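Working notes, beginning with the structure itself.
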Amino acid sequence: MLEELSVKKEPEKGLKALPNAEKGKVVMRFAPNPNGPPTIGSSRGMVVNSEYVKMYDGKFILRFDDTDPDQKRPMLEAYDWYVDDFKWLGVTPDEIVKASDRFDTYYEIAEQLILAGHAYVCFCDGETFKGLKDKKQACPHREAAPEDNLAHWKKMLAGDYEEREAVLRIKTDIQHKDPALRDWGAFRILKKDHPRPEIGNKYIVWPLLDFEGAIEDHLLGTTHIIRGKDLQDSGKRQKYIYDYLGWTYPVTLHWGRVRIEEFGKLSTSGIRRDIEAGVYTGWDDPRLPTVQAIRRRGIQAEALKKFMIEMGVGETDVSMSMDSLYAENRKFVDPIAHRMFFVADPVEMKIDGYAGGVVEAPLYPNQPEMRKIETGNLIVVTREDAGNLSVGSKVRLKDLGNVEITSVSPLAGKYIDNSMETTKKEKMKIIHWAPVDGLKVTVLGPEGNFEGIGERNITAELDKVVQFERFGFCRIDSVDGENVVAYFAHK
RNA sequence: GCUCCGAUAGUGUAGUGGCCAAUCAUUCAGGACUCUCACUCCUGUAACUCGGGUUCGAAUCCCGGUCGGAGCACCA
């Protein structure tokens, strides 16, 4: 039966349409510097770019902008980390390129620009050039003839100059009202090796981002670029090259910075230092805002995607709380997570009059599937719960039965029955428990670690997300005999 | 100093001149349900940066202020 549709327009769900995008013709790229692993922040670019490509049935390129072996030196392992996190997101790039493979192309185009009089070798030191530039004045090298510039360029390539002695600049408009756009640097000299062994110390003239990115975006056929606001001027600078060479600049969108409230001020280099110093166990330490870390904690790729997609592509800086991501994740994980008992900070409790046996407890609330917990009459409860008990008080041990407390230290009780009627009639509090001889469980989480005892069914949950009742969702990271390590996701 | 960009509830968004006494999500508060402090459900609190202008009509257009962000590197 068809219902009368409401006249109200549907709220737009998901990403907004890309300007000038044609189905099947969109080419987009995500271009990180592999100087560390993907973070929650960078995953925005991974998600949004790849989602747009999917939406338009286009082509997606992963490009490594890895041409700074000095300040933002790539990490060899990080190239694979990106591919791996993409795989986790369900994305396989159609093409993967490394800028460090394409020096020769950059050199060719540089030469073209030099010969056409659009680039020159500048011998000013940084400060001198800046001084002139701020006064809208050209430096003497700007007027050199193309042939001379070419000769200087060849000498640069040949290694005749030292670092900082010469730089290749793109001519724009030295009088441009925006100082950020006046004659910008395209290549510098750096007598350093590249971390990739196949590149090593093959090159001493290195392209800077604006040049490298400009050339790549054209050669790769990029139709749409989404990048940070910090690169807004970059597009304007690069357009000069596009104009000189008769290329068409891609459609460009910008977004503001994402700040995750819980993580505040962590920088990649700072984290790296702390890992080396042993403050963190690695890039996937649950306290870190890396994709590796949240994966390990059991955040689902779909949840991260929704989180990023709903944030959209705005130019304002956003400040998000992990709570939103957790709320998203809970929706995915709550229906599938098996319920398990884990008792943090355990206190022993003896139940007199209980023979022990096999307790049946539901794997999911209100559903028939059961799990079995074998236990004797010695169990553990959390120290917190124990603290709320007093002699004579009654409590229900979930799925096991009702108990009247007979002693507080040591904690002991008398078994009453296993009837929910009794529980309700007496308005007992329901607490969780575990057999004393359960597994030794360590939970590692962003706000600290917990030691405790868990039921043995956890063994079967390796690599899965479970809900430790009254504790939170965790991913079972390892099971080694009697020892289990779980990573805490969220409540 | 010069230049560019942005501004809707605590947070993130929807909204492109009348359907907006403003959407959705999350957070927070209260309640219902529940053998978990989870889930689900109900209710509530809470926003168009300010001042002018254009217009019959402005969150939406224009100008100015304020606030915020970014760039002016031989980093990305």
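Excluded from the calculations below are hydrogen atoms, water molecules and symmetry mates; all remaining heavy atoms, backbone and side chain alike, are included. Being a predicted model, the structure only gives us computed values, none of them experimental. Protein chains get the first letters and strands the later ones, always in sequence-line order, with residue 1 at the start of each.
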Roughly how far apart, to the nearest Å, are B:C2 and B:A29 at atom C1'? 50 Å
Starting at the 5' end of RNA chain B, which residue's closest nucleotide do you reach first, A:I430 or A:M311? A:M311
So does A:K331 get a side-chain nitrogen or oxygen closer than 4.0 Å to the phosphate oxygens (OP1/OP2) of B:C39? no
Stacked cation flag A:R297 on A:Y326, 6.0 angstrom / 45 deg: no
Spell out, as yes or no, whether a donor-acceptor pair under 3.5 Å connects the side chain of A:T172 to the backbone of A:L181. yes
For B:U36 and A:K429 - does any side-chain N or O of the residue sit under 4.0 Å from the phosphate oxygens OP1/OP2? no
CZ of A:R330 versus C1' of B:U26: gap in Å, rounded? 10 Å
Any idea how A:F488 and A:F450 line up, ring-wise: parallel (<30°), tilted (30 to 60°), or perpendicular (>60°)? tilted
At less than 3.5 Å, do the side-chain atoms of A:Q467 and the base atoms of B:U36 form a donor-acceptor pair? yes
What distance, rounded to whole Å, do you find between the two C1' atoms, one in B:U54 and one in B:G17? 11 Å
Intermediate values then yes/no, ring-ring contact (aromatic ring centres under 6.0 Å, His included), A:F471 and A:H432: CA-CA 10 Å; A:F471 184 81; A:H432 67 292; 8.2 Å; no
Can the positive tip of A:R196 be found less than 6.0 Å from the middle of the six-membered ring of A:F64, inside 45° of the ring normal? no
For A:E127, does the CD atom sit with more than 12 other heavy atoms under 6.0 Å from it, leaving out its own atoms? no
Is the distance from OP1 or OP2 of B:A76 to the nearest side-chain N or O of A:T67 less than 4.0 Å? yes
Taking only nitrogen or oxygen atoms into account, show me every contact under 3.5 Å that the protein makes with nucleotides 42-46 of chain B, one pair per line with its distance.
none

Using the C1' atom as the reference point in each nucleotide, state the distance between B:A14 and B:U23 in Å, no decimals. 5 Å
Does NZ or CZ of A:K98 come closer than 6.0 Å to the centre of the six-membered ring of A:Y79, within 45° of the ring's axis? yes
Residue whose closest nucleotide on RNA chain B lies nearer the 5' end, A:G256 versus A:R188: A:G256
What is the separation between atom CG on A:D317 and atom C1' on B:G6, rounded to the nearest whole Å? 9 Å
Spacing between A:H490 atom NE2 and B:U27 atom P, to the nearest angstrom: 11 Å
Under 3.5 Å, is there a donor-acceptor pair between the side chain of A:D65 and the main chain of A:A99? no
Does a side-chain N or O of A:K177 approach OP1 or OP2 of B:C4 to a distance below 4.0 Å, or not? yes
Counting side-chain heavy atoms from CB outward, which of B:G6, B:A76, B:U36 is closest to A:L208? B:A76
Whether the side chain of A:R102 engages the backbone of A:E212 through a donor-acceptor N/O pair (distance < 3.5 Å, no angle test) should be reported. no
So, OP1 or OP2 of B:U3: does either fall under 4.0 Å of a side-chain N or O from A:R182? no
Is there a donor and acceptor pair closer than 3.5 Å between the side chain of A:K72 and the base of B:C75? yes
Tell me: NE2 of A:H254 to C1' of B:A76, nearest whole Å? 15 Å
Using a 4.0 Å cut-off on heavy atoms, which residues in residues 32-48 of chain A reach RNA chain B? List them by number, or say none. A:N33
Is the NZ atom of A:K171 crowded by more than 12 outside heavy atoms at less than 6.0 Å? yes
Can you check the A:F129 CZ to B:C74 P distance for me, whole Å? 8 Å
Output the rounded distance in Å from CG (A:D183) to P (B:A73). 12 Å
Check: A:K372 main-chain N/O paired with A:N457 side-chain donor or acceptor under 3.5 Å: yes
Considering only side-chain heavy atoms of A:R339, which listed nucleotide, B:G6, B:C74, B:U36, is closest? B:U36
What is the pairing partner of B:A21, taking Watson-Crick or G-U wobble pairs with both distances under 3.5 Å in any strand? none
Which value, in whole Å, describes the distance between the P atoms of nucleotides B:G30 and B:A70? 39 Å
With a 4.0 Å cut-off on heavy atoms, is A:L231 in touch with a base, just the backbone sugar-phosphate, or nothing at all? base
Give A:T423 one of three labels, base, sugar-phosphate or nothing, depending on what nucleic acid heavy atoms sit under 4.0 Å from its own. nothing
Could you check how far CD of A:E262 sits from C1' of B:U26, rounded to whole Å? 12 Å
Looking at B:G68, which nucleotide sits across from it as a Watson-Crick or G-U wobble partner, both distances under 3.5 angstrom, or is there none? B:C5
Polar side-chain atom of A:D334 near backbone of A:R330 as donor-acceptor pair, under 3.5 Å: no
Whether the side chain of A:R396 and the base of B:C35 hold a donor-acceptor pair under 3.5 Å is what I'd like checked. yes
If you check the A:F473 side chain, which of B:A38, B:C4, B:G71 turns out closest? B:A38
Is the phosphate of B:A38 approached by A:R470 (side-chain N or O, under 4.0 Å from OP1 or OP2)? no
B:U34 P sits how many Å from A:M420 CE, rounded? 9 Å
For B:G15 and A:K16 - does any side-chain N or O of the residue sit under 4.0 Å from the phosphate oxygens OP1/OP2? yes
Taking the side chain of A:L209 as its heavy atoms from C-beta onward, which of B:U26, B:A76, B:G71 lies nearest to it? B:A76
Among the candidates B:C75, B:U36, B:C74, find the nucleotide nearest to the side-chain atoms of A:R169. B:C74
Using a heavy-atom cut-off of 4.0 Å across all strands, would you classify A:E315 as base, sugar-phosphate, or nothing? sugar-phosphate
Check step by step if ring-ring contact (aromatic ring centres under 6.0 Å, His included) holds for A:Y120 and A:H141. CA-CA 7 Å; A:Y120 60 97; A:H141 317 106; 7.6 Å; no
Measuring from the side chain of A:D230 (C-beta onward, heavy atoms only), which nucleotide among B:C74, B:A76, B:U11 has the closest atom? B:A76
